[in-house]
Structure formats: structure tokens, C-alpha cells
Amino acid sequence: MPQYEFCCPDCGTFQLQLTMKEASSAAVCPACGQSAVRVYSSVSVMTMEQSLRRRMELGAQPQVKRREEITGLPLHSHQHQPITRPWQAGH
């Protein structure tokens with residue numbers, strides 16, 4: 001059964017477990033009996049560790065690398081190597 005949050009003007013916020021059919025925009029405060037309005041907030045569907053969140057954020061930033069950094073070969077070294085894939089055109 002879902003929990004709904006309500007706010008009493010005197011007592012503050014409290015939560016009630018109600019069925020979806022019973023949930024409305026107002027409820028009775030269990031402490032003082034006054035009418036309390038329902039508080040609407042965002043739902044947290046998924047939580048993740050801070051380290052994972054940081055890796056995902058850093059992964060979204062593009063990284064510019066030179067060919068030498070990726071392959072270890074100089075920029076124009078492919079011109080002197082034999083083409084091992086006949087279907088691939090050399091540039």
C-alpha cells in the first residue's frame with residue numbers, strides 16, 4: 001500500500017498508508033485532528049551509489065584523443081603498411 005505525505009498547519013508533516021482509492025487532497029491529522037493538505041513530491045524510482053553517478057557523468061563528456069594515443073602509431077604510418085582488409089579503402 002502506498003504512503004502519502006500530508007502537512008498539518010500546527011503539527012507539520014506526517015505520512016499515512018492509504019489505498020489509491022482512499023487517497024485524497026486532505027486528511028485528518030492523527031495528532032491534533034485538524035485537516036491537513038496532501039503534499040505532492042517527486043518520486044525516487046532509482047537510487048545509485050555516488051561513485052557510479054560520478055562515473056556516468058564523467059562518461060558523458062567527450063574525450064578528444066590523437067591517433068598516437070589510441071593505436072600507438074603515428075598519424076601517417078598507415079600509408080606504409082600493407083592493407084590487410086581488401087574491402088577497406090585506404091585514405
Side-chain angles (χ1 to χ4, degrees):
M1 200 170 359
Q3 287 190 345
Y4 296 94
E5 187 174 6
F6 294 90
C7 184
C8 174
D10 293 335
C11 304
T13 60
F14 62 92
Q15 293 184 353
L16 293 176
Q17 280 191 339
L18 303 169
T19 64
M20 292 177 77
K21 190 175 185 178
E22 294 173 331
S24 64
S25 60
V28 176
C29 176
C32 68
Q34 276 191 325
S35 179
V37 294
R38 184 169 164 194
V39 177
Y40 293 90
S41 58
S42 62
V43 178
S44 176
V45 177
M46 184 178 106
T47 59
M48 66 177 76
E49 295 179 16
Q50 186 67 19
S51 60
L52 177 60
R53 183 183 307 253
R54 179 88 173 130
R55 284 193 327 215
M56 289 174 65
E57 288 171 356
L58 290 176
Q61 297 174 359
Q63 296 179 355
V64 178
K65 293 192 175 191
R66 297 185 318 214
R67 175 179 280 180
E68 295 87 15
E69 295 173 331
I70 298 171
T71 62
L73 300 174
L75 182 62
H76 296 288
S77 67
H78 70 281
Q79 293 175 353
H80 302 291
Q81 294 178 352
I83 297 175
T84 57
R85 298 180 205 145
W87 62 88
Q88 183 178 8
H91 296 282

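Reckoned from all heavy atoms, side chains included, excluding hydrogens, waters and symmetry mates. Counting begins at 1 with the first residue of the sequence.
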Legend entry - Members besides V64 in its Ile/Leu/Val/Met/Phe/Trp/Tyr cluster (side-chain heavy atoms under 4.5 Å):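 Hydrophobic cluster check, V64: no partners found.
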Inset, instruction - Just jot down the salt bridge (Lys or Arg N to Asp or Glu O under 4.0 Å) partners of R66, sequence neighbours excluded, or say none. - result: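 Only E68 meet the salt bridge (Lys or Arg N to Asp or Glu O under 4.0 Å) criterion with R66.
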Inset, instruction - Mind checking side chain to side chain donor-acceptor pair (under 3.5 Å) for E5 and listing every partner two or more places apart, or none if nothing turns up? - result: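 Applying side chain to side chain donor-acceptor pair (under 3.5 Å) to E5 gives none.
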Separation between [atom1] of [X] and [atom2] of [Y], rounded to the nearest 0.5 Å:
X   : Y   : atom1 : atom2 : answer
S24 : L18 : OG    : CG    : 8.0 Å
C11 : Q34 : SG    : CD    : 7.0 Å
C29 : F6  : SG    : CZ    : 11.0 Å

[X]: side-chain contact (heavy atoms from CB on, under 4.5 Å) partners, not counting sequence neighbours:
X   : value
S51 : E49
Q17 : Q3
P2  : Y4, M20
K21 : T19

Legend entry - Shortest non-hydrogen contact between L16 and A27, atoms and distance: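 In terms of heavy atoms, the two residues are closest at CD1-CB, 3.9 Å.
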Legend entry - Shortest non-hydrogen separation from C7 to V39 and the atoms involved: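 In this case the closest contact between C7 and V39 is CB-CG2, 3.6 Å.
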